[in-house]
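All remarks here apply to the structure that follows.
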Amino acid sequence: MTQNKRILSGIQPTGNLHLGNYFGAINNFVLLQKEYECFFMLANMHAITVKYEPQILEDNILETTAALVASGIDPKNNTIFVQSSVSAHAELAWIFNCTARIGWLNRMTQFKEKAGSNKEKASVGLLTYPILMAADILLYRATHVPVGEDQKQHLELCRDIAIKFNNDFKANDFFVTPEPIIPENISRVMSLRDGTKKMSKSEESDLSRINLTDDADLILKKIQKGKTDSEAISESILKSNTRPEARNLINIFSALTGKKMQDVITNWNGKAFSEFKKELGLLLIEKICPIGKEIIKLKSDPVFLKQILKDGSKKAQEVANTNLMEIKKIVGLV
Ligand code: AMP
Ligand code: TRP
């Protein structure tokens, strides 16, 4: 392992993980764990910025832990922990509340999307959410952050906070500015019902996403019912943005096979989507079902999962508390 290459990333424990989480984040975690020291965090404090059920939030912690391990993250060599079990996150977020500028937050597109038409009624936490995210990352002085495309703007804000903090306190290079690691081939998986919206846990229709725990029949059904247009597969899918659903299916196929989108289109040129969807369904079953089965198996052993989080929390606290102490000295809070 290369020293001082450290990863921190987070996932909200708000429901079933889906194909977007898998290709946008988890698959990258699995690949990167060999090269980096990794901290994977269940962002339950981010999850309470919108309406939620306390009991469901708690239940989902073990579900999400199981999903990370089932996908291939080795809990012995990586730190998997729950955000709220390390109080330093909230403390540093407060310090960064005083570093970040209101104007920076007002530009965040995720806030605009999640707050919808009635911004005044959104929680303050939803607005300051990216500040907590910056605290998550900088508390561990992470050098790299693997995330899906939707989190890129938050990462930029985190970098701005690091730079401003270093300048304000004349703390040259105290925080390194972390680099995002965004998957090249599939950074954004879209909803199966609407190719202009990202696949999401919060979308009402379960048909819009492939969950990691879906069984083979359900995967086939969702792909078959997935929206497409009446045209056959052709180059036009890549050339314009007029066929978003078609593009999404080709993109998923490309991620599953490791082939370029252009090559997938060349191979399937002129064919109907009905045929393509059969093959796509089979590929998805091959990839997702073994993970889903492992999630179910792991969930039947909560003692094992809780131990992972307990060990993770201890390791995370050690690093976080040491760094927080230094930060508090710099800002004059000791
Ligand atoms: P969340 O479930 O919102 O906490 O997201 C956890 C991780 O999955 C983050 O790195 C996101 O960027 C990524 N992610 C979530 N939805 C998608 C999607 N539809 N496509 C690609 N990545 C996603
Ligand atoms: N905001 C991220 C999401 O919803 C989750 C998250 C919280 C995160 N803290 C983080 C991701 C720190 C990367 C680094 O997807």
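First listed ligand is number 1; within each ligand, the first listed atom is number 1. Counting begins at 1 with the first residue of the sequence. Because only heavy atoms are used, hydrogens play no part in the values below, and waters and symmetry mates are left out as well, while side chains stay in.
- Annotation: Gln151 places no N or O atom under 3.5 Å from an N or O atom of ligand 1; distance criterion only.
- Residue-ligand proximity, Leu8 to ligand 2, at heavy-atom distances under 4.0 Å covers atoms 12 (C), 14 (C).
- Within the 4.0 Å heavy-atom shell around ligand 2 one does not find Gln110.
- For ligand 1, the atoms closer than 4.0 angstrom to any heavy atom of Ile11 are 4 (O), 6 (C).
- Checked against the 6.0 Å centroid criterion, the rings of His89 and Tyr140 qualify as a close aromatic pair.
- Numbered from 1 in the order shown, with element, the atoms of ligand 1 that lie under 4.0 Å from a heavy atom of Ala25 read 7 (C), 8 (O), 10 (O).
- If you check the side chains of Gln110 and Asp150, you find no donor sitting under 3.5 Å from an acceptor.
- What you find for Tyr129 and His46 is that their closest heavy atoms are O-NE2, 3.1 Å.
- When each of Glu91, Gln317, Lys329 is tested with Leu324 by the rule side chain to side chain contact (heavy atoms under 4.5 Å, CB included), just one qualifies, namely Glu91.
- Under a 4.0 Å N-O distance rule, the pair Arg193/Glu203 does not qualify as a salt bridge.
- The closest side-chain donor-acceptor pair between Asn211 and Asp206 falls under 3.5 angstrom.
- Aromatic ring centroids of Phe40 and Phe29 lie under 6.0 Å apart.
- For residues 111-121, there are no side chain to side chain donor-acceptor pair (under 3.5 Å) pairs, not counting sequence neighbours.
- Residue contacts with ligand 1: Met190 is placed with no nitrogen or oxygen under 3.5 Å of a nitrogen or oxygen of the ligand (distance criterion only).
- Set against the non-hydrogen atoms of Val189, the atoms of ligand 1 under 4.0 Å away are 18 (C), 19 (N), 20 (N), 21 (C).
- For ligand 1, the polar-atom distance check finds an N/O of Asn21 within less than 3.5 Å of one of the ligand's N/O atoms.
- Salt bridge absent: Arg159 and Glu156 never bring a charged side-chain N and a carboxylate O closer than 4.0 Å.
- Ligand 1 places these atoms under 4.0 Å from at least one heavy atom of His18: 16 (N).
- Taking any N or O of Lys201, backbone or side chain, at least one lies under 3.5 Å from an N or O belonging to ligand 1.
- Any N or O atom pair closer than 3.5 Å counts here, and Asp136 shares at least one such pair with ligand 2.
- Heavy-atom contacts of Ala43 reach the following atoms of ligand 2: 7 (C) (cutoff under 4.0 Å).
- The contact set between ligand 1 and Met199, taken as ligand atoms under 4.0 Å from a residue heavy atom, comprises 16 (N), 18 (C), 19 (N).
- For ligand 2 and Met41, the ligand atoms under 4.0 Å from any heavy atom of the residue are 7 (C), 9 (N).
- Heavy-atom contacts of Val145 reach the following atoms of ligand 2: 13 (C), 14 (C) (cutoff under 4.0 Å).
- Among protein heavy atoms, the minimum distance from atom 1 (N) of ligand 2 is reached at Tyr129 OH, 2.7 Å.
- In terms of polar-atom proximity, Gln12 is counted as a contact of ligand 2, with an N or O under 3.5 Å from an N or O of the ligand.
- Numbered from 1 in the order shown, with element, the atoms of ligand 1 that lie under 4.0 Å from a heavy atom of Gln12 read 4 (O).
- In terms of the side-chain contact (heavy atoms from CB on, under 4.5 Å) criterion, residue partners of Thr128 (sequence neighbours excluded) are, by chain and number, Asn97, Leu105, Val124, Ile131.
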